[in-house]
Structure formats: C-alpha cells, structure tokens
J.: 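To start, I am sharing the structure in question, which I have written as structure tokens.
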Amino acid sequence: MNQNLAFADYAVFIIYFIVVSTYGYTIYRKREKNEHDAKAYFLAEGTLTWWAIGASLIASNISAEQFIGMSGEGFFLGVAVAAYEWIAAIALIIVAVWFIPVYLKNKIYTMPQFLKTRYNESTALIMAVFWLFLYVFVNLTSILYLGAVAINGLAGGEYLHVIMIGLALFALLISLGGMKVVAYTDVIQVAVLIIGGLVTSYIALTTVGHYFGFGDDAIAGFKVLMEKAPEHFKMIIPKPTATSSQLEINKYLTFPGMMSYLAGIWIINLNYWGCNQYITQRALGADLQTARTGILFAGMLKLLMPLIVMLPGIAAYVLYENGHLPQLVGGKDGAYSAMLTFLPTGLKGLSVAALTAAIVASLAGKVNSISTIYTLDVHKKYIQKNATDRAQVNIGRYAVFAAMLLAVMFTWNDLLGIGGVGGFTYIQKYTGFISPGVFAMFFLGMFWKRTTGTAAIVGVISGFLLSVLFNEFAPALFGNETLLYTAFANGKGGFEIPFHICMGLSFAFTMILMIAISFAGPKVNPKAFELDTEMFKVKPQTTVLIVITLLVIFALYVKFW
C-alpha cells in the first residue's frame with residue numbers, strides 16, 4: 001500500500017490539467033467576439049447542447065462532499081446513503097417535466113428573477129442576498145475545504161494551503177470565461193471523474209477480494225462486502241428501541257428510515273435541482289426539449305454515482321473492521337482517501353485527477369452562479385441600473401474573484417468548523433435550514449395562483465425559524481416525550497431530532513401558514529403564472545428515458561430493501 005504519489009501520478013494529473021485548460025481556452029476563443037455580451041457570459045448564449053447540459057449538471061453536483069463526504073457516509077451507513085442519488089434521479093424527472101417549462105415559458109434566467117416576477121421585489125432581494133451568503137459561506141467553503149484536505153492527504157499531508165490556493169486558481173481560470181466555458185469543460189471533467197471513480201471502485205472491490213482470499217475479482221469482492229457487512233446493504237435504517245446502541249441511534253439520526261422518504265429527502269432534492277441557481281442556470285438558456293433531454297441525461301448518470309462514491313466507503317469499512325486498513329485519517333470522511341492508497345502508480349494520479357475534476361467543476365459552477373445572481377439581481381438593479389453589457393461582464397468577473405477570495409479566507413483555518421461536523425452532513429443539515437421555506441415558496445408560486453407575495457416572505461422566514469426551532473430548541477424542551485416526533489440521545493449529552501424529520505415538519509407548517517395567509521389575501525393574483533397544460537406534455541423519446549430511469553431505480557430498491 002503506497003501512500004505517496006509517484007512521478008507517473010503527477011504526469012497523469014498534469015496531462016489532465018493541460019487538456020482541460022486547453023479545451024477551455026479553445027471554447028473561450030470561439031466566443032471571443034461575444035466577449036462583453038452579458039447573456040453570452042452568464043447563460044452561454046442559449047447554445048448548450050443536451051449532453052453538455054447533462055454533463056455540466058453532474059460535474060457541478062459531484063464534488064468533494066460526494067467523493068469524500070458520501071463515501072464517508074457509505075462507510076458509516078452503507079447503501080442507504082444511495083437514496084440521495086436515486087431519489088435525485090426521480091427529482092430530476094419532476095424538474096424536467098414540470099419545473100423547467102414554467103421557467104422557460106416565463107423567460108426566467110435567475111431564481112431571484114422568478115421571485116420578482118411571481119411575487120415582488122422585496123422577496124427577490126431577500127433571497128438574492130441570502131443565496132449569496134449560502135453559496136459563499138456554506139457551499140463554496142465546504143467544497144474547497146474538503147477537496148483540499150483530501151488531496152493534501154494523498155500528497156503527503158504538508159500542502160493544505162498550497163492545494164487550496166491551487167484549486168481556487170484552477171476554478172478561477174475556468175469560470176472567468178463564462179457559462180459556456182464552464183459547461184463545456186464540465187464535459188471533460190465529468191468524463192474524468194466517472195472514469196477515475198469507476199477505476200477506484202473497481203480497485204476497491206478487487207482489493208477486498210484479494211485480502212479475503214477470493215482472488216482479484218470485482219464481483220467476488222462485492223460478494224465479500226455483502227457477506228461481511230450485511231447491515232450496510234439495507235436501504236432502511238431501523239428506528240432505535242430502548243436496547244439500541246448509540247451507534248444505531250446515530251445512524252438513525254443521520255438517515256431516519258422510512259421517515260426520510262416522507263419528506264426530508266424529497267425536499268432536499270427538489271429544492272436543490274429545481275429551485276437552485278447553481279443547477280438550473282445550465283438549462284435556462286436552452287429550448288424546452290434540449291433542456292429536458294439534458295436534465296434527464298443527468299438523471300440517468302445519477303444512477304451510476306453510488307457505484308462511484310459509495311462503494312469505496314463500504315469497502316473501506318470492511319477492510320477497517322477486519323484489520324486490513326490500519327488507520328483512517330479524518331474519521332469516516334477519510335474512507336475515500338484511504339482506498340486511493342491501494343491504487344497502483346498512474347491510476348492513483350487518474351483518481352486524484354477525478355477528484356480534482358469534481359472539485360474544480362463544482363467551484364467553477366458555484367462562483368459562476370454567485371456572479372450571475374450578484375450582477376443581474378443586485379448590482380444592476382440597485383447599484384448601477386444603467387450598466388452596459390461590458391460593465392456587467394466585468395462586474396461578474398470581479399464577483400468571481402471576491403467570492404473565491406472569501407471562500408479561501410474562511411477555509412484557511414477551517415473557521416466554519418466544517419472538518420468537525422463531517423462534510424456531507426454539514427452541507428445537508430445546514431442548507432436544510434432554509435430548504436423547506438424556499439421549496440414551499442417556489443412550489444406554491446408555480447402551481448397555485450392564489451399564493452401572495454406576503455405569504456412568500458412569511459413562508460421563507462418562518463421556514464427558517466421553524467427549522468431552527470425543531471433542530472435546536474425542540475429536543476431540549478421535549479426530549480423524547482413529544483407526539484410529533486421522537487428525539488434521541490445524540491451521545492453528546494443532549495437530545496436530537498433527525499434533520500430529515502425537522503425538514504418535513506418545517507415544510508408542513510410553512511405550507512399551512514402560506515396557504516392560510518394567501519386565503520386571507522386577494523382572490524385574484526395578477527402576478528400568478530398562466531400555466532398551459534400543453535407545455536407539460538413530453539415527447540415519446542423523452543417518455544422512454546423516464547421509464548428506463550424509473551425501472552432501474554425500482555429494481556435497485558427491490559434488491560436492497
């Protein structure tokens with residue numbers, strides 16, 4: 001087990017860097033005549049193909065929190081964590097069929113614009129500022145920190161800040177060219193991360209097979225995993241009883257069995273894929289059929305992701321529990337990096353390139369969305385209303401620099417405590433404080449004409465406050481004696497409610513409150529969207545993609561139920 005990178009590994013990584021940079025520069029030169037066209041910079045001129053949209057969605061989504069954090073949850077929970085990916089595939093179908101037509105028909109280019117068009121300017125401004133803080137101080141920082149920690153561990157453990165700066169500069173190099181450069185370089189990034197990720201999973205399985213005397217065979221290795229860790233191949237985490245261990249309680253707090261499927265995991269995915277500038281921006285400049293096909297293509301790719309990011313974690317668990325993995329640096333979040341140490345020279349470089357591709361693609365996509373929201377929804381509306389296209393592009397680039405600088409500053413010494421929480425849980429839990437209110441506001445705004453602007457503002461604020469109440473205060477007030485939920489001892493001297501359940505409760509009460517306020521308002525809402533049922537119809541080839549995706553998900557759940 002060689003823990004150091006060799007010359008061949010560095011060579012593979014350098015080739016990857018040169019290919020991505022050269023391709024990005026080529027795309028940039030092709031659109032150089034539109035250098036100062038704001039629509040070209042922020043929305044890629046509406047010229048993205050379906051495969052570029054789909055690949056870019058996956059490249060932006062799969063980052064350090066998946067490779068490192070989800071692999072860590074695979075080590076801890078097992079296949080249950082795959083629910084995030086497989087439910088995401090269904091969520092992408094819902095977004096493609098019902099959400100995207102609403103955006104495109106109403107010529108929506110940013111999420112704050114949606115809120116202004118549907119509700120009012122106050123709602124749009126509140127959420128624009130909120131999204132900017134969320135993207136910079138939760139998403140961007142966690143991606144940068146987790147990615148730097150992972151690569152630093154493979155490079156010898158002495159280069160954290162150098163790697164952090166290198167990742168930031170690489171992402172800046174790509175993102176300054178605008179959305180088209182980001183999206184088309186993402187095609188290469190997603191190819192690298194899928195190939196590198198599959199190689200890592202294959203080596204992980206053959207390593208398990210080898211250590212347990214079944215030969216260097218991936219299928220045999222998978223059978224060993226199922227035999228040695230059968231509890232890791234169940235989709236439903238059982239609810240703890242009075243005799244449950246603290247470990248069993250902690251697993252349920254992370255993923256509370258069937259309760260997750262009643263609300264929490266759907267709110268996470270539908271809000272992320274359907275109401276998130278970072279994601280929807282790739283499809284907002286395309287025509288309906290291209291956008292739909294691209295989103296469904298991303299949904300099909302999602303089916304592969306557990307194989308890439310979850311299996312190495314389960315393999316690390318089996319090796320660790322049986323003494324074949326002597327140490328796990330960083331707790332469960334060190335599972336993926338630990339498996340990379342088993343890779344032979346050269347392939348280790350490919351896996352590092354895959355990890356870097358995931359990190360850089362997500363960083364570039366995130367800062368591009370930050371730049372778009374700040375420029376179009378804040379700066380142009382409230383600071384420089386007459387800004388020319390050239391000025392908007394320049395402002396967008398300044399915003400890219402500023403966002404990345406802030407992210408580096410706040411991750412330099414892990415100021416937000418990301419490392420102490422665990423990357424995947426950090427992102428899911430703390431974005432989950434606002435997801436219920438935001439999703440309720442978007443869902444009702446799209447599909448219920450009666451929803452008012454007042455209800456939207458109250459909804460997003462109450463959604464956040466309710467999340468704080470259920471996560472932070474309700475456990476201490478009620479312990480495990482309330483009828484609404486069951487709180488469990490978290491092993492830290494207090495009680496905790498699974499955050500999926502908190503999200504479900506927050507969403508339910510927010511919806512009730514918004515509906516009540518809307519009924520108290522005007523019966524006719526002049527800002528309601530006119531929905532034409534024709535725009536929700538799908539073509540036969542689109543139906544085929546949907547059916548195939550749903551059948552695969554159904555088969556996977558039957559296998560691991």
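Note that the structure is a prediction, hence the values are computed from the model and not measured.
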J.: Donor-acceptor pairs are to be reported for all side-chain atoms of residues 300-308 against protein atoms at under 3.5 Å, with residues two or more places apart or in another chain.
T.:
from	atom 1	to	atom 2	distance (Å)
K302	NZ	N61	OD1	2.4
K302	NZ	E85	OE1	2.6
K302	NZ	E85	OE2	3.3

J.: Check G299 against A89 and note the closest heavy-atom contact, atom names and distance.
T.: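 That would be O-CB, 3.5 Å.
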J.: Show the numbers, then the answer: is there a ring pair (Phe, Tyr, Trp, His ring centres under 6.0 Å) between F439 and Y272?
T.: CA-CA 9 Å; F439 181 59; Y272 179 85; over 10 Å; no
J.: Looking at side-chain heavy atoms only, is the closest gap between L311 and L205 below 4.5 Å?
T.: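 Touching, per the 4.5 Å side-chain cut-off.
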J.: For F442 and Y103, take the angle between the two ring planes, folded into 0 to 90°, and tell me which bin it lands in: parallel under 30, tilted 30 to 60, perpendicular over 60.
T.: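 It falls in the perpendicular class, over 60°.
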J.: Decide whether T542 and Q289 meet the rule of one side-chain donor and one side-chain acceptor closer than 3.5 Å.
T.: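 Side chains of T542 and Q289: pair found under 3.5 Å.
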J.: Go through the steps to decide whether W131 and V438 satisfy the test side chain to side chain contact (heavy atoms under 4.5 Å, CB included), and finish with yes or no.
T.: CA-CA 11 Å; W131 272 315; V438 172; 4.0 Å; yes
J.: Measure from the side-chain N and O atoms of Q392 to the backbone N and O of K380, and report whether any donor-acceptor pair falls under 3.5 Å.
T.: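 No.
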J.: Where do F170 and I359 land on the side chain to side chain contact (heavy atoms under 4.5 Å, CB included) test, with the steps shown first?
T.: CA-CA 10 Å; F170 193 2; I359 297 163; over 6 Å; no
J.: Quick one, F529 and T117 - any side-chain contact, counting heavy atoms below 4.5 Å?
T.: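 With C-beta onward as the side chain, the pair touches.
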J.: Could you check whether any side-chain N or O of T22 sits under 3.5 Å from a backbone N or O of V19, counting only pairs where one atom can act as donor and the other as acceptor?
T.: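 Not confirmed, T22 side chain does not pair with V19 backbone.
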J.: Under 6.0 Å between ring centres, would you say that holds for Y145 and H161?
T.: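 No, they do not, as the ring centres are separated by 6.0 Å or more.
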J.: So, do M404 and L169 sit near enough that their side-chain heavy atoms are less than 4.5 Å apart?
T.: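 No. Closest side-chain heavy atoms not under 4.5 Å.
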J.: To the nearest 0.5 Å, what is the distance between NZ on K366 and CG on L140?
T.: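 Going from NZ on K366 over to CG on L140, the span is 8.0 Å.
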J.: For residues R118 and M446, determine if any side-chain heavy atom of one lies less than 4.5 Å from a side-chain heavy atom of the other.
T.: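 Sidechains of M446 and R118: no contact.
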J.: Hey, does the side chain of W266 reach the backbone of Y261 with a donor-acceptor pair shorter than 3.5 angstrom?
T.: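 Side chain of W266 to backbone of Y261: a pair is present.
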J.: Do E121 and Y382 have side-chain N/O donor and acceptor atoms under 3.5 Å apart?
T.: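 The answer is yes; a qualifying pair exists.
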J.: Roughly how far, to the nearest 0.5 Å, is CG of L160 from OG1 of T411?
T.: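 Atom-to-atom, T411:OG1 and L160:CG are 8.0 Å apart.
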J.: Can you find a side-chain donor-acceptor pair between N276 and Y135 that sits under 3.5 Å?
T.: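 Yes - a donor-acceptor pair under 3.5 Å links their side chains.
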J.: Measure the acute angle between the ring planes of F447 and F536, then classify it against the limits of 30° and 60° as parallel, tilted or perpendicular.
T.: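 Tilted: the ring planes of F447 and F536 meet at 30° to 60°.
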J.: Say whether, by atom type as modelled, one donor and one acceptor occur between the side chain of Y119 and the main chain of F114 under 3.5 angstrom.
T.: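 Not a single qualifying donor-acceptor pair exists.
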J.: Which heavy atom in L104 sits nearest to a heavy atom in A291, and how many Å separate them?
T.: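 Taking L104 first and A291 second, the nearest heavy atoms are CD1-CB, 4.2 Å.
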J.: Can you find a heavy atom in the side chain of M339 that is under 4.5 Å from one in the side chain of F75?
T.: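 Not touching, per the 4.5 Å side-chain cut-off.
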J.: Kindly compute the distance separating OH (Y374) from CG (L132), expressed to the nearest 0.5 Å.
T.: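 Nearest 0.5 Å value for the OH-CG distance: 9.0 Å.
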J.: Aromatic contact between F507 and F443, with the criterion being ring centroids under 6.0 Å apart: yes or no?
T.: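 No; F443 has its ring centre 6.0 Å or more from that of F507.
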J.: Do W51 and F297 make the cut of ring centroids closer than 6.0 angstrom?
T.: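 That pair fails the under 6.0 Å test.
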J.: Can you tell me how far apart CH2 (W50) and CD1 (I295) are? Round to the nearest 0.5 Å.
T.: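 W50 CH2 to I295 CD1: 13.5 Å, rounded to 0.5 Å.
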J.: Please lay out, stage by stage, how M111 and L284 fare under the test side chain to side chain contact (heavy atoms under 4.5 Å, CB included).
T.: CA-CA 10 Å; M111 296 300 96; L284 293 180; 4.0 Å; yes
J.: Can you find a side-chain donor-acceptor pair between N368 and S371 that sits under 3.5 Å?
T.: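 Looking only at side-chain atoms, S371 and N368 do not form any donor-acceptor pair under 3.5 Å.
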J.: Could you report the tightest heavy-atom contact between L57 and G294, atom names first, then the distance?
T.: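 Minimum heavy-atom separation between L57 and G294: CD1-O, 4.3 Å.
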J.: Going from CZ on R397 to OG1 on T375, what distance comes out if it is rounded to the nearest 0.5 angstrom?
T.: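 The CZ atom of R397 sits 11.0 Å away from the OG1 atom of T375.
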J.: Looking at the rings of F13 and Y10, which for Trp means the six-membered one, are their centres under 6.0 Å apart?
T.: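 No.
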J.: Shortest non-hydrogen contact from R292 to P101?
T.: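 Shortest heavy-atom contact: NH2-CG, 3.4 Å.
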J.: Quick check: closest heavy atoms across D377 and A128, and the distance to 0.1 Å?
T.: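 Here D377 and A128 meet closest at CB-CB, 4.4 Å.
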J.: Mind telling me whether H500 and Y84 have parallel, tilted or perpendicular rings, with 30° and 60° as the class edges?
T.: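 Rings of Y84 and H500: perpendicular, over 60°.
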J.: Hey, does T280 have a side-chain heavy atom less than 4.5 Å from the side chain of F99?
T.: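 They are not in side-chain contact.
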J.: Any donor-acceptor pair under 3.5 Å linking the side chain of T290 with the backbone of A286?
T.: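 No.
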J.: For L296 and T549, run side chain to side chain contact (heavy atoms under 4.5 Å, CB included): C-alpha distance rounded to whole Å, both residues' side-chain angles, the deciding distance at 0.1 Å, then the answer.
T.: CA-CA 9 Å; L296 293 175; T549 303; over 6 Å; no
J.: Do the side chain of Q113 and the main chain of Y109 share a donor and acceptor less than 3.5 angstrom apart?
T.: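 Yes; judged by distance alone, with no hydrogens or angles, the pair exists.
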J.: What distance separates M503 CE from N271 CG, expressed to the nearest 0.5 Å?
T.: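 Here the rounded value is 7.5 Å.
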J.: Shortest non-hydrogen contact from T110 to Q277?
T.: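 For T110 versus Q277, the nearest heavy atoms are CA-OE1, 2.9 Å.
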